[in-house]
4 protein chains.
Amino acid sequence: MPLSADQQSEIDALRSQPSQTLRAVSEGMEGHLYKAIDVLDHGFVRVIDYMGDDAAICQAARVSYGKGTKSVQNDEGLIRYLMRHWHSTPFEMCEIKLHVKLPVFVARQWIRHRTANVNEYSARYSILDREFYIPAPEHVNAQSVVNNQGRGGVLEGAEAARVLEILKSDSNRAYDNYEAMIGETGPDGEAQDGLARELARMNLPSNIYTQWYWKVDLHNLFHFLRLRADAHAQYEIRVYADAICKVVADWVPAAYAAFEDYRLGGATLSGKALDCVRRMLKGEEVTQENSGMSKGEWREFQGVLA
Amino acid sequence: MPLSADQQSEIDALRSQPSQTLRAVSEGMEGHLYKAIDVLDHGFVRVIDYMGDDAAICQAARVSYGKGTKSVQNDEGLIRYLMRHWHSTPFEMCEIKLHVKLPVFVARQWIRHRTANVNEYSARYSILDREFYIPAPEHVNAQSVVNNQGRGGVLEGAEAARVLEILKSDSNRAYDNYEAMIGETGPDGEAQDGLARELARMNLPSNIYTQWYWKVDLHNLFHFLRLRADAHAQYEIRVYADAICKVVADWVPAAYAAFEDYRLGGATLSGKALDCVRRMLKGEEVTQENSGMSKGEWREFQGVLA
Amino acid sequence: MPLSADQQSEIDALRSQPSQTLRAVSEGMEGHLYKAIDVLDHGFVRVIDYMGDDAAICQAARVSYGKGTKSVQNDEGLIRYLMRHWHSTPFEMCEIKLHVKLPVFVARQWIRHRTANVNEYSARYSILDREFYIPAPEHVNAQSVVNNQGRGGVLEGAEAARVLEILKSDSNRAYDNYEAMIGETGPDGEAQDGLARELARMNLPSNIYTQWYWKVDLHNLFHFLRLRADAHAQYEIRVYADAICKVVADWVPAAYAAFEDYRLGGATLSGKALDCVRRMLKGEEVTQENSGMSKGEWREFQGVLA
Amino acid sequence: MPLSADQQSEIDALRSQPSQTLRAVSEGMEGHLYKAIDVLDHGFVRVIDYMGDDAAICQAARVSYGKGTKSVQNDEGLIRYLMRHWHSTPFEMCEIKLHVKLPVFVARQWIRHRTANVNEYSARYSILDREFYIPAPEHVNAQSVVNNQGRGGVLEGAEAARVLEILKSDSNRAYDNYEAMIGETGPDGEAQDGLARELARMNLPSNIYTQWYWKVDLHNLFHFLRLRADAHAQYEIRVYADAICKVVADWVPAAYAAFEDYRLGGATLSGKALDCVRRMLKGEEVTQENSGMSKGEWREFQGVLA
């Protein structure tokens, strides 16, 4: 259970006190505010705040004095046009702030997206909880033999059991020793000083959970989602991206629909690939050999057309 | 008058429709929303949206589940601590979106602050209005003789009159010719194609007004304000910074008070300068000659102590 | 002529003094260093410095201790792979610093690319030269009737003549008055104070030339070039992008070739468009009506397949 | 020993082949290129490339055609002026690329500096080495009792011995199990698939070493060094910052000297603190009670004046 009763009651308190505002409000997003969406075994995503809605994207694109057009249809057309033509600045005019609880190895991938604001829980200052990511059995996979940075089939039997046993016992031993090092009592009950927390944390494996506040604009969030909700992303970050996708679809429905069509569901074809498509449409037989593409490119190209 | 009746009524409409929200609300900021604060002769600053308040800064610094402490006093102490120790990320958790109307030469200075989001009115797409910045007589100054990038005394008499006359007549002639070039009727009433707007705009001087939506987080806004509300900033951008300072003071009073004390009212002393202060406090006679500073540094140092 | 004899001799002096270095050297780039490539009537692009080459991209991708593979073929394959899969960080490991002279209205578009470093010539501090962009007759176009932010056909006859005459005379009058305002002698030969340069510059139109040092990494430069070397970019910035493309092709030939294939020559198809391609390849008759696309999208899609 | 014989010979090969270049060369930096500076027990910092020198800072500030002034003294004065007045853009015109080997918990602090370019060794793709940071006995400290995020005195005797024993044995066990999980042979010699590397890595503690290429401009590097070479930074990142400080002092001696005086050796005083200084210089008795400062601020202020 990611949330304690205390935490849940803090959230409930926040949700019970609506205020009046003159700002743009997204009804779909109000329903998400503060609630924790469970991800993995102990993680979550919570919307802490947001700025803007679909109309705000159009209002900024038009640099308008008021709400701009009242027509939702016009707004959708404009949003699709902006997305198709890579106009990024109007999407930057919306902002979201999330509270995320996630394993450290996921956090290390996530933080590579630099155009965002982050406040992470400090293990120099505070003591981490005993919460470690242990994969569900159906997510314990072999190393891929075709993709050096991917997973193959699910491990089964004794090997899977050994892996889960190792992860659990090493996590617990590491945490026991973390507590022993920072504690004020030694193994024989004698008083000890306790190791500095900034040092003791180094004994903890990277499946331990951390948490942060993460704030990002919609354009950069879409970039994050395109890469991390992709089939090539590691499963453990993809589930966070998937959870966020659902939130964004409720927040800015028109922008999310355009993102889905042009980015998630779209593909970029190279000049060579476009040339092959044109030849194929003329009825020409195009093969890897006469395509000008390498085997890897051709395989990916076939995947796009399939 | 910067706003037309239509624009004013669009603003009034937006202000007349409060909605309910579960988000953090800054009462001080709600009072500013959408209203135009006049700046210079035709410019303004309008708050379009905001995210967060003083409590949100603390909540992020603590990565908390709820509102965190209920004590305003604790929050003020934390905010002062964060500001004093250059913790920038909690301040990045607040965001503001402004609609600004400003002369192009001011926009060119402003845009140098890169960590912000901008949508500018497009003179490729639209026709600019006939609105030019003409300084008030008390802001028409001579070139400074001590500071190569500053102003000296106010110009008076015939010289001032000539300057204002030039600025007005050149602006108007440039705009007349802009209209003539893009118009569909030639000087003798014959039909003409009309020059592309993206070309015609190049005839306009940089005292013409443009406008944009500008969105920035509070940390980067403070950086902007520190440089642009400074006495060394050009008057025409400083008045925008001053107007924004007042808005921020109403939005996040504790953060603004800390900013005022530690940044606007503070000063950074070099190692050499600190050494001089220590010697002076011991009663030693310190002069430029024995200070280790250049004449320029010494003069600035004297200014700080005065 | 963009360069004076003095400037040319400064450049010649820099080019006559090679030094020894242990850093990666791009022979193709050494040939460009310091030389001015003419752009428009008074502008130029000069390479001031660079960091890295094709091998440096691969070396960073591999986090290698030495040069990595000696095989140029392997490096090319890796670079194509990185470009195809949107790996941006290895391309960020190369850097270029340019000195650019350009009209102010071009500079205003250019500066919208925020992930770069800029030092612009200061018209608060210094006096601008009397150099204005006056388009060549074949680049004086009408407003497009199909694209609100584009150009139509070339203007001819009396209308074209009027435009050029206006641009020239307004530029000269504005500059005459700029000089008159900052000068220390009034119209009747009497002494005057001279207007502050930071004020006087506002009288100058945006076809005046400015200059700056601009430093950017290769990933962000490619992004700039994709947008600004595009057919939809305004001609006056496109010629700068085209000039830079040639420099980059000499600097990092493999990376540039991949950029040309995957970005300049490629296209992103939406999910709807990919679906249409698949249906067309199966022999189905696909029209705008049954494509699910708007008319504008369908027209652009037809353009990609043509 | 951080470098193997193979790695050392790769470095030696790179250092034995100087090339000619027309670019600005920093002789002090050429001496550092590629060599590894040892940091901690297995870490290092290596300069891979650099762009610019002290003169390049001035050249950019002046937007000059050639080398600008030949006078080193003038350049030093200009650099001090730029640093004193917070002109950041000329310092952004120099760039450095480092290869760094560092423990993961240090990497996690380091990466918070977002305005930089990074390529990290991928543990999804490759297998990590068995190299863990084990502090030297003199750096095993107790938790500070005055500073929640700092260290107190050095641990001694049995407690220190236990800490070191735990860190060593947990590291080794975690690595043994990492190898066992990814290996193709099970504990009884039977064949197994081997766990995906992207999963197995999560068992490794954060004192394991990783490595990356890190590229940053001089302005942002100074910001990093100011925070990380500070006495409040964690020892394990401070030693990296200290090593880099020495490199920068050889690369851009004038800029580094200005940085040392104005940033490392300087201090920012608040408006309240400046007021106290002024009162003290007039001979007034100023105490915490009449200073307007909190106890914490007053203690820090006393530290600055001491």
Side-chain angles (χ1 to χ4, degrees), chain C residues 3-4 6-11 13-25 27 29-31 33-34 36 46 48-52 56 59-68 87-90 92-97 99 115 117-122 126 211-213 215 217 219, chain D residues 3-4 6-11 13-25 27 29-31 33-34 36 46 48-52 56 59-68 87-90 92-93 95-97 99 115-122 126 211-213 215 217 219:
Chain C
L3 293 186
S4 70
D6 277 3
Q7 289 157 355
Q8 189 59 52
S9 76
E10 285 196 82
I11 291 173
L14 284 166
R15 286 196 58 82
S16 69
Q17 300 166 351
S19 305
Q20 286 216 319
T21 188
L22 292 168
R23 292 174 289 171
V25 168
E27 289 307 334
M29 199 64 155
E30 291 286 329
L33 273 168
Y34 310 131
R46 298 198 309 132
I48 296 301
D49 208 343
Y50 69 92
M51 174 191 273
Q59 201 182 359
R62 295 182 183 115
V63 193
S64 67
Y65 281 79
K67 270 208 159 171
H87 287 243
S88 54
T89 53
E92 295 174 6
M93 289 291 157
C94 291
E95 192 91 12
I96 190 171
K97 195 190 319 180
H99 180 189
T115 313
N117 312 112
V118 186
N119 272 102
E120 186 172 354
Y121 187 86
S122 168
S126 305
Q211 45 184 296
W212 60 32
Y213 271 48
K215 178 171 147 288
D217 68 57
H219 168 68
Chain D
L3 292 186
S4 70
D6 276 6
Q7 289 157 355
Q8 189 58 54
S9 76
E10 284 197 82
I11 291 172
L14 284 166
R15 286 196 57 82
S16 68
Q17 298 164 351
S19 305
Q20 286 216 320
T21 187
L22 292 168
R23 293 175 288 173
V25 168
E27 289 307 334
M29 200 64 155
E30 292 285 329
L33 273 168
Y34 310 130
R46 297 198 309 132
I48 296 300
D49 209 342
Y50 70 92
M51 175 191 272
Q59 201 182 0
R62 297 183 182 113
V63 193
S64 68
Y65 280 79
K67 270 207 159 173
H87 287 242
S88 54
T89 53
E92 294 174 6
M93 290 288 157
E95 192 91 13
I96 189 171
K97 196 192 316 181
H99 179 188
T115 312
N117 312 113
V118 185
N119 273 101
E120 187 173 353
Y121 186 86
S122 169
S126 305
Q211 45 184 296
W212 61 32
Y213 271 47
K215 177 171 148 288
D217 67 57
H219 168 68

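In the text below, chain A, chain B and the rest are named by the order of the sequence lines, each starting its count at 1.
Only the backbone of D/E120 comes within contact range of chain C, judged by heavy atoms closer than 4.5 Å. If you measure heavy-atom distances from C/V25 to chain D, the contacts under 4.5 Å come from both the backbone and the side chain. In this structure, the portions of D/L14 lying under 4.5 Å from any heavy atom of chain C include both its backbone and its side chain. Interface residue C/L22: backbone and side-chain heavy atoms are both found under 4.5 Å from chain D.
Ring pair D/H99/C/Y65 is perpendicular by interplanar angle, where above 60° counts as perpendicular and below 30° as parallel.
Distance OH/C/Y213 to CZ/D/R62: 10.5 Å, rounded to 0.5 Å. With rounding to the nearest 0.5 Å, the separation of CD in D/E10 from OG in D/S4 is 8.0 Å. Rounded to the nearest 0.5 Å, atoms CD1 (C/I96) and CG (C/D49) are 9.5 Å apart.
Under the 6.0 Å distance and 45° angle rule, C/R23 counts as a cation-pi partner of D/Y50.
Contact count versus chain C (heavy atoms, under 4.5 Å) is highest, among D/H219, D/R46, D/Q17, for D/R46. Contacts with chain C were tallied for D/T89, D/T21, D/N117, D/T115; D/T21 has the most, counting heavy-atom pairs under 4.5 Å. Chain C forms the most heavy-atom pairs under 4.5 Å with one residue out of D/H87, D/E27, D/Q20, D/M93, and that residue is D/M93. For chain C, the option among D/I11, D/D217, D/V118 with the highest count of heavy-atom pairs below 4.5 Å is D/V118.
Ion pairing between C/E95 and D/K215 holds under the 4.0 Å rule for side-chain N and carboxylate O.
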